[in-house]
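Every heavy atom of this structure was used, including side-chain atoms; hydrogens, water molecules and symmetry mates were not.
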Amino acid sequence: MYGNCENLHNSLSASIDWIAFTSTIIPNMKEMAEFLGYRECDFLLLPRGANGYKKMYRLDGFPVTILTDGNEDMGVHVVISSSAIADLLEHFKNSITFDIPFAKDVLSLSDFDNTVMLEFLAQVRNIGWFTKFDLAVDDFGTRFFTVEDVRDFLDRQDVVSKFRTWRDVYESTFVNEKTGHTLYFGSRQSDIMLRIYDKQLEQKQKALRPADASAEKAVSTDAALENAWVRWELELKNKRADMAVDFLINRKQIGEIVMGILDNYVRLIVQDDSNRSRCSSHPLWEAFIGAVRKLRLFVREAPKTIEDKRRWLVRQCLPTLAGVIIADGGSLDIITQHFDDAVSRMSSSLRHLVSGKNPEWLRDCDALPV
């Protein structure tokens, strides 16, 4: 029922899924954009504001939002979704000076427990406070519990929890095709809520939507669509968000944080005592919590699209390219002379993206390695 328990920790990963913070020290949009490592011109002013702010700016290409022009005590509010975190850290890394020589060249964004992320969190704490900080644990291959498994525990009352309520949201089409399944523990209005949901189903539904240029709606890899995938997601707000961030800044492992929160608020049990609070934890729950404890936090980069590549090219490379062309008196030789070599050095992932947009292009590249 619960799958193979060997090498369980290998099926898990942890990530930050959402960051939102407010600052009353940074006074305007321009300075906030620069704090994040961007330029003011990288953001688009949207037609209307939100959440009491009159102005809302959105980063061109990634879901980073800056809200300004609210009441005097509202400051500037920033919202960063999971698919934008890798890009944010890359820009933030390039905008700051480290005490460690050559640190900007050697630090990897694939590991969240690193100087860049800790420095970003610490600087945000210096200039403001976190309003939302979501942590996610992904069980790829569903080595521990499916959503239905957890529901079975709830139906048997084999769960001890500090949450007062839970609800089961099951989504399907009118032809009884399952499209989503989520268990919610707690209230959206509280400072902590837990979601357990079928991430594979969610990704399949995204893949069926019309193409969208937004990185936030980028379709996941084929492997993610084919394999079972359950996500445990903690939504932390206000003081609890600040506490989780402080744990990370103090170099607590993400596994310790998630394990501590999960095991404190929810426990799947075996009913071996008349007092449910004294019942033993289910062996697989103990294995799950023990495996989570070993996790390190990392940035999961959003799947890339040709639109993402185009925006990156315009934002990062065109100024340099324009300078070279101007220095060469307007000649485009820098492009034409190196084009074939650039095509031959394209990665397989980029070739796949190009073929998705222009399936015929390889007919002209028969001599090039695929």
Side-chain angles (χ1 to χ4, degrees), residues 1-5 8 11-18 81-83 132 134-190 192-210 212 216-237 258-259 261-263 265-269 281-282 284-285 287-289 291-292 295 300 302-303:
M1 178 179 181
Y2 301 112
N4 194 327
C5 292
L8 293 179
S11 71
L12 298 177
S13 68
S15 60
I16 289 177
D17 197 59
W18 194 274
S81 79
S82 59
S83 58
K132 193 166 181 284
D134 292 0
L135 300 174
V137 174
D138 289 304
D139 182 1
F140 297 106
T142 316
R143 304 288 185 88
F144 292 93
F145 304 98
T146 65
V147 180
E148 288 78 9
D149 289 337
V150 180
R151 175 59 198 259
D152 289 342
F153 274 87
L154 290 164
D155 288 341
R156 297 193 304 266
Q157 297 187 343
D158 289 349
V159 179
V160 175
S161 177
K162 289 187 177 180
F163 293 112
R164 294 184 178 181
T165 61
W166 64 272
R167 58 193 176 97
D168 188 354
V169 177
Y170 186 98
E171 299 176 3
S172 66
T173 65
F174 284 105
V175 294
N176 206 29
E177 179 186 356
K178 188 176 180 181
T179 58
H181 193 188
T182 305
L183 293 172
Y184 294 89
F185 291 75
S187 166
R188 295 196 73 91
Q189 286 68 47
S190 66
I192 180 169
M193 186 180 75
L194 170 65
R195 285 185 293 270
I196 308 170
Y197 62 97
D198 191 320
K199 188 70 174 177
Q200 181 194 29
L201 282 179
E202 180 197 65
Q203 295 300 301
K204 284 184 176 179
Q205 293 309 303
K206 284 186 177 182
L208 294 174
R209 295 173 188 169
D212 193 299
E216 188 177 27
K217 294 184 178 180
V219 176
S220 290
T221 63
D222 292 339
L225 298 178
E226 294 172 359
N227 298 323
W229 177 4
V230 172
R231 170 168 285 191
W232 299 64
E233 193 169 279
L234 286 164
E235 182 178 297
L236 307 173
K237 297 178 182 176
V258 177
M259 178 274 294
I261 296 172
L262 280 177
D263 208 30
Y265 278 86
V266 176
R267 189 165 61 92
L268 307 188
I269 64 171
S281 297
H282 191 281
L284 195 61
W285 177 256
F288 174 64
I289 292 299
V292 169
L295 297 181
R300 178 176 295 109

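Listed here is the closest heavy atom pair of Thr146 and Val230: CA-CG2, 4.1 Å. The minimum heavy-atom distance linking Val159 with Ile269 is given by the pair N-CG1, 4.0 Å. Of all the heavy atoms in Ser161 and Val266, the pair that sits closest is OG-CG2, 3.9 Å. In plain terms, the two heavy atoms of Asp17 and Arg231 that are nearest each other are OD1-NH1, 3.0 Å. Shown here for Asp138 and Ser15, the closest heavy-atom pair between the two residues is OD2-OG, 4.3 Å. Taking each heavy atom of Thr142 and Ala228 in turn, the nearest pair found is OG1-CB, 3.2 Å.
Counting only heavy atoms from C-beta outward, the side chains of Arg151 and Asp168 approach each other to under 4.5 Å. At a threshold of 4.5 Å between non-hydrogen side-chain atoms, the residues Val150 and Phe185 count as touching. By the 4.5 Å heavy-atom criterion applied to side chains, Leu194 and Trp166 are not counted as neighbours. Here the side chains of Arg195 and Asp134 are in contact, with some heavy-atom distance below 4.5 Å. Side-chain contact check for Arg167 versus Thr182: every heavy-atom pair is 4.5 Å or farther apart.
Taking the ring centroids of Phe140 and Trp229, they lie under the 6.0 Å cut-off. A ring-centre distance under 6.0 Å is found for Trp232 and Phe288.
Looking at Asp139, Asp152, Ile196, Leu284 one by one, the single match for side chain to side chain contact (heavy atoms under 4.5 Å, CB included) with Phe145 turns out to be Leu284.
Aromatic ring pairs are classed by plane angle as parallel below 30°, tilted from 30° to 60° and perpendicular above 60°; the pair Phe163 and Tyr265 is tilted.
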Inset, instruction - List the steps, then state whether side-chain contact (heavy atoms from CB on, under 4.5 Å) holds for Asp149 with Leu268. - result: CA-CA 11 Å; Asp149 289 337; Leu268 307 188; over 6 Å; no

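By the ring pair (Phe, Tyr, Trp, His ring centres under 6.0 Å) test, Tyr197 pairs with no residue at all, sequence neighbours left out. In this structure, Gln157 has no side-chain hydrogen bond (donor to acceptor under 3.5 Å, both in side chains) partners at least two apart in sequence or on a different chain.
Side-chain contact check for Arg267 and Ser281: at least one donor-acceptor pair (N or O, by modelled atom type) lies under 3.5 Å.
Side-chain atoms of Thr179 come within 3.5 Å of backbone atoms of Glu171 as a donor-acceptor pair (strictly under, hydrogens ignored). The main-chain N or O of Glu177 is found under 3.5 Å from a side-chain atom of Thr173 such that the two form a donor-acceptor pair. When atom types are taken as modelled, the side chain of Lys237 and the backbone of Arg188 share a donor-acceptor pair closer than 3.5 angstrom.
Taking 4.0 Å as the cut-off between side-chain N and carboxylate O, Lys178 and Glu148 count as a salt-bridged pair.
Because its NZ or CZ atom is both nearer than 6.0 Å to the ring centre of Phe153 and within 45° of the ring axis, Arg156 counts as a cation-pi partner of that residue.
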